[in-house]
Amino acid sequence: SAVISQKPSRDICQRGTSLTIQCQVDSQVTMMFWYRQQPGQSLTLIATANQGSEATYESGFVIDKFPISRPNLTFSTLTVSNMSPEDSSIYLCSVYRGASTDTQYFGPGTRLTVL
Amino acid sequence: LAKTTQPISMDSYEGQEVNITCSHNNIATNDYITWYQQFPSQGPRFIIQGYKTKVTNEVASLFIPADRKSSTLSLPRVSLSDTAVYYCLVGEMNNNDMRFGAGTRLTVKP
């Protein structure tokens with residue numbers, strides 16, 4: 001498995017501000033992903049963080065709102081920009097190592113509340 | 001992208017075997033079937049993965065019929081701590097085409 005940490009674990013923010021969430025994994029991984037999980041709902045994929053190039057966003061998510069960086073094979077950030085109360089969610093990163101087990105491992109999540 | 005359908009919720013009692021079935025009629029040839037468990041305020045945790053027939057590990061079994069259009073997660077002798085949401089995903093990881101469905105909320109009662 002992979003050990004994944006996220007910072008911060010939770011935050012309360014004011015509307016109109018931005019928050020950057022960090023995801024660190026203990027080994028180099030092929031792919032990193034960012035998900036959103038709204039209260040009581042399933043997980044929705046925001047984007048795939050590509051190392052050395054722009055992230056690939058899912059329908060309904062745009063770079064201006066959720067800029068993503070991935071400077072190396074073990075680290076990525078997701079910024080939630082110009083926040084509104086509707087952005088209150090848990091944000092999770094996950095990784096895929098490219099090993100034969102062919103599965104994703106998830107971080108603990110960042111619980112964001114926007115007032 | 002393969003769509004999955006699971007029961008929204010299930011109830012069970014401690015010590016019983018629980019079987020959760022997932023339908024995935026449009027599964028593709030290269031798709032794997034993966035199950036995750038999620039507790040409140042935690043990220044999903046990998047349980048088991050399979051391609052065909054039966055897979056067993058220390059926590060669960062996964063039964064996949066020959067046509068692979070469905071799969072069944074079997075949890076032997078559940079305990080209260082197995083109360084969680086269980087997700088079935090179908091797809092190829094390296095193509096990033098796996099998507100979470102609604103999941104099954106399992107409640108284990110004493």
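Computation of the quantities below employed the complete heavy-atom set of this structure, encompassing side-chain atoms and omitting hydrogens, waters and symmetry-equivalent molecules. Proteins come first, then strands; the chains are lettered A, B, ... in the order of their sequence lines, and each starts at number 1.
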- Message: Has B/R105 got a side-chain atom pairing as donor or acceptor with B/T83's backbone, closer than 3.5 angstrom?
- Response: no

- Task: Against chain B, label A/Q41 side chain, backbone, both or neither, depending on which of its atoms sit under 4.5 Å from a heavy atom there.
- Result: backbone

- Task: Return each pair, listed once, that meets disulfide (SG to SG under 2.5 Å) where at least one residue sits in residues 11-51 of chain A; pairs must be two or more places apart or across chains.
- Result: A/C23-A/C93

- Candidates B/F100, B/F39, B/Y87 - the one meeting ring-ring contact (aromatic ring centres under 6.0 Å, His included) with A/F106: B/F100

- Which pairs with one or both residues in residues 47-83 of chain A pass disulfide (SG to SG under 2.5 Å), sequence neighbours excluded? none

- Message: What I'd like to find out is whether the side chain of A/I63 reaches to under 4.5 Å of the side chain of A/E54, using heavy atoms alone.
- Response: yes

- Who passes salt bridge (Lys or Arg N to Asp or Glu O under 4.0 Å) against A/D11, sequence neighbours left out? none

- Query: So what's closer than 4.5 Å to chain B heavy atoms on A/L43: side chain, backbone, both or neither?
  - Reply: both

- Would you call A/Y57 and A/I68 a side-chain contact if the rule is heavy atoms closer than 4.5 Å? yes

- Going by residue number, which parts of residues 70-79 of chain B are within reach of chain A, meaning a heavy-atom gap below 4.5 Å? none

